[in-house]
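Read through the structure below, which is laid out as C-alpha cells, and then see the notes.
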Amino acid sequence: MMKVGGTWKRLVWVVVIGVVVGVALATPTTEEEQHESLEETQELESEHDRDGKLFVLLAQIAASECTTNDPIRTQGTCMPSKQCSNQGGKSQGTCAKGLGTCCLATRTCNAASSYNNTYFINPDSTDVELGACTLTINRVNSNICQMRFDFISLDLSQPDINGACNHDFFTVTGGVSKVPMICGRNNGQHIYYDVDPNGGTVKLTIDRFDISSLSRSWDIKVTQIACDSRFRAPEGCLQYYTATTGTVNSFNFLNTNTNTDVNGTRQLANEDYGVCIKRADNYCGIIWEASKVGGNFGFTVSGPADAIQLSLIGTINTSTRDGNCTTDYVVIPGGLYTLDDATNTVQAADRYCGLGFPPSVTTTAQPFVLYVKSNGNELMEAINRGFSLNYRQIKTCM
Ligand SMILES: *[C@@H]1O[C@H](CO)[C@@H](O)[C@H](O)[C@H]1NC(C)=O
Ligand SMILES: *[C@@H]1O[C@H](CO)[C@@H](O)[C@H](O)[C@H]1NC(C)=O
Ligand SMILES: *[C@@H]1O[C@H](CO)[C@@H](O)[C@H](O)[C@H]1NC(C)=O
Ligand SMILES: *[C@@H]1O[C@H](CO)[C@@H](O)[C@H](O)[C@H]1NC(C)=O
C-alpha cells in the first residue's frame, strides 16, 4: 500500500493493485478531527487501466463536513461523487482538494438518512398528498445524544381558534425529550431533541391535513450532536442560544399593530418548555425586553387583546405578574422588573403574562433560562401573537 498526499487531513486515497481486501481507515490525527469525523467511512472503487494492469482505486473518506455552494443549505458531507448520487444526495461543490464532492443530503417524504446535516424538505408543488410525511434519521454513530432541528423554513397551516395544532403539524419521535406540537409559521426557529445514544431511529413527521393550505413548505436541517460535544444544549432546553445578545420568539410569533384585522391566535396551546441562554465568560446577568419590531404586540400572551385599548397594548399597564399569571406566561427566574424607563426602582417577579411587558426584566439567576408555558385553551387569547423578547447579557451586576 502506498499513501498518496499524506498531508491531506481527512482524506486518504489508498491505491492498491489487484483485489482489495481489508479496510484501511483514514484515522483522524487530532482530537478535534476525531471529534468531528464520523465513525462511518465511505468507499468508492473505480478501475484504471494503466500499463495494461488493472488498478483498483479505493478511496476512503472519513466522512467530514464541507461547505456546499448552495446559499441556504450550506452544510454538506464530503464523499465520492458516485456515492453521493447513489444515495440520492446532490453534489454541491467539491471538497478534499477536488477529490470528493460536497454532498448535500436532502430528503423528502418517507425517506431515510444516515447523514449528519440532512435537510428535510417538502415535496415539490405538484405533490398534493395529505397525511404524514416522515423522515427517518439514523444516527451517524453510537455516540449521538442530541439532535438539533433548524427550521430554515416551516410554514404550515395556522392553529385552530383554541391554539391547537389540529391541522398541519410537526412532531418528532424516537428520542427522550418532549417536543410540543408545532404548526404555523416558524422560519428561523430551532429546537434541540435529546436522544438515547443506544436508541432506535428518530422520526420527523409533518402531518398535512388542510387541503386549503397547499402552499405549505418546509426545509428542516437535522444536525446530530455527539454526547461530548461542546455544542450540546443542557438538559431541559428545547431551545438554546449561545450569543451574548439575541431574540427569542415564541413559535408562530408574528408582530402586528392592530387588534382588529387579525386571523385568530398565533399562540400555540399546551406549550411547556425551556429556552436556555449560554452564559458567556465574564457575564453575570441577562436583561429581557419585548421586541418592537413590526408592532406593539411583542408580548401578548394572556387576556383578550381585542378588549383592551390599543394604546395600552405592549405597556407596563397591561403587563401582569406572578400570582395573576395562571394560564399562559413566561418565567424568568430571579427576575427584577422596572416600572418605567425613567425610574430605577425595581420589583421582583418570576412570572410574566398579560398584554404587555415591563420596560425591562433583569436577572442574575443562573443558568440563564426562560420557561414558556401555555394551557390548552387560547380562546381567551383570540388575537394574541405570543412573544418576541430580546435578551442582552451584562457584565455589571448588583
Ligand atoms: C454534525 O455537523 C455539525 C455541523 O453542522 C457538527 O458541529 C457536528 O459535530 C456534527 N456531528 C457529528 C456527530 O459529527
Ligand atoms: C387574514 O386572512 C386573509 C385570508 O387568508 C388574508 O388575506 C389576510 O391578510 C389575513 N390578515 C392578517 C392580518 O393576517
Ligand atoms: C400606566 O398607568 C399609569 C397610572 O394609571 C399612568 O400614569 C401611565 O401613564 C400609564 N403608562 C403607560 C405606558 O400607559
Ligand atoms: C393581580 O391582579 C390584581 C387585580 O388586578 C392586582 O390588585 C394585583 O396587584 C395583581 N398582582 C400582581 C402580582 O400583579
Side-chain angles (χ1 to χ4, degrees), residues 9-10 26-28 30-42 61-68 70 72-79 89 92-93 95 102-107 113-120 137-152 175 190-199 201-202 219-233 240 242 259 278 289-290 292 296-300 305 308-321 337-343 345 347 354-360:
K9 282 194 171 169
R10 294 182 194 149
T27 311
T30 67
E31 259 187 47
E32 181 73 23
E33 282 167 22
Q34 253 159 12
H35 182 68
E36 280 178 16
S37 73
L38 313 184
E39 272 168 26
E40 184 191 334
T41 61
Q42 295 132 9
I61 299 177
S64 60
E65 276 131 40
C66 51
T67 304
T68 69
D70 184 297
I72 297 160
R73 303 177 193 127
T74 53
Q75 225 113 34
T77 305
C78 190
M79 67 179 75
Q92 295 280 184
C95 54
C102 192
C103 189
L104 188 62
T106 57
R107 300 283 187 277
S113 175
S114 307
Y115 288 104
N116 191 11
N117 302 308
T118 294
Y119 295 79
F120 180 31
I137 298 286
N138 300 303
R139 290 166 177 69
V140 294
N141 61 45
S142 55
N143 187 36
I144 302 301
C145 277
Q146 202 170 58
M147 293 189 188
R148 175 179 161 125
F149 308 130
D150 277 287
F151 303 138
I152 295 169
H190 73 270
I191 59 175
Y192 284 83
Y193 187 54
D194 291 333
V195 301
D196 176 350
N198 303 310
T201 58
V202 167
D219 185 349
I220 304 171
K221 178 184 163 190
V222 182
T223 308
Q224 303 199 18
I225 300 171
C227 299
D228 54 350
S229 171
R230 66 180 192 276
F231 299 116
R232 187 176 167 185
Y240 185 44
T242 56
N259 59 3
K278 184 182 188 180
E289 290 172 4
K292 300 262 188 263
N296 291 327
F297 281 56
F299 191 91
T300 47
I308 299 277
Q309 203 184 316
L310 193 55
S311 63
L312 288 178
I313 287 177
T315 69
I316 182 79
N317 290 351
T318 47
S319 152
T320 313
R321 293 160 296 274
Y337 67 93
T338 51
L339 288 166
D340 58 64
D341 291 321
T343 65
T345 48
Q347 298 186 8
L355 299 167
F357 196 72
S360 70

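Whatever order the structure lists ligands and atoms in, that order sets their numbers, starting from 1. Everything quoted here is computed from the prediction, not taken from an experiment. Counting from 1, the numbers follow the sequence of the chain as shown.
Contacts with ligand 1 closer than 4.0 Å are made by backbone heavy atoms (N, CA, C, O) of Q224 only, the side chain lying farther away. No part of I225 comes within 4.0 Å of ligand 1, judged by heavy-atom distances.
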Give one line per pair: atom of ligand 3, protein atom, distance. Only N/O to N/O under 3.5 Å.
{"unit_1": "ligand 3", "atom_1": "2 (O)", "unit_2": "N317", "atom_2": "OD1", "d": "3.2"}
{"unit_1": "ligand 3", "atom_1": "2 (O)", "unit_2": "N317", "atom_2": "ND2", "d": "2.2"}
{"unit_1": "ligand 3", "atom_1": "11 (N)", "unit_2": "N317", "atom_2": "ND2", "d": "2.9"}
{"unit_1": "ligand 3", "atom_1": "14 (O)", "unit_2": "N317", "atom_2": "ND2", "d": "3.4"}

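No donor-acceptor distance shorter than 3.5 angstrom exists from the side chain of N138 to the backbone of T201, with no hydrogens or angles considered. Judged purely by atom type and a 3.5 angstrom limit, R139 uses its side chain to pair as donor or acceptor with the backbone of D196.
Ligand 1 lies less than 4.0 angstrom from a heavy atom belonging to I144.
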One pair to check against side chain to side chain contact (heavy atoms under 4.5 Å, CB included): I137 and M147. What are the steps and the verdict? CA-CA 10 Å; I137 298 286; M147 293 189 188; 3.7 Å; yes
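For the residue pair Y119 and R107, no side-chain donor N or O sits within less than 3.5 Å of a side-chain acceptor on the partner. If you check the side chains of N116 and Q224, you find no donor sitting under 3.5 Å from an acceptor. A donor-acceptor pair shorter than 3.5 Å can be found between the side chains of Y192 and R148. Using a 3.5 Å distance cut-off with no hydrogens or angles, the side chains of T338 and S360 do pair a donor with an acceptor.
Taking distance alone, with nitrogen or oxygen atoms compared against 3.5 Å, N116 approaches ligand 1 more closely than that limit.
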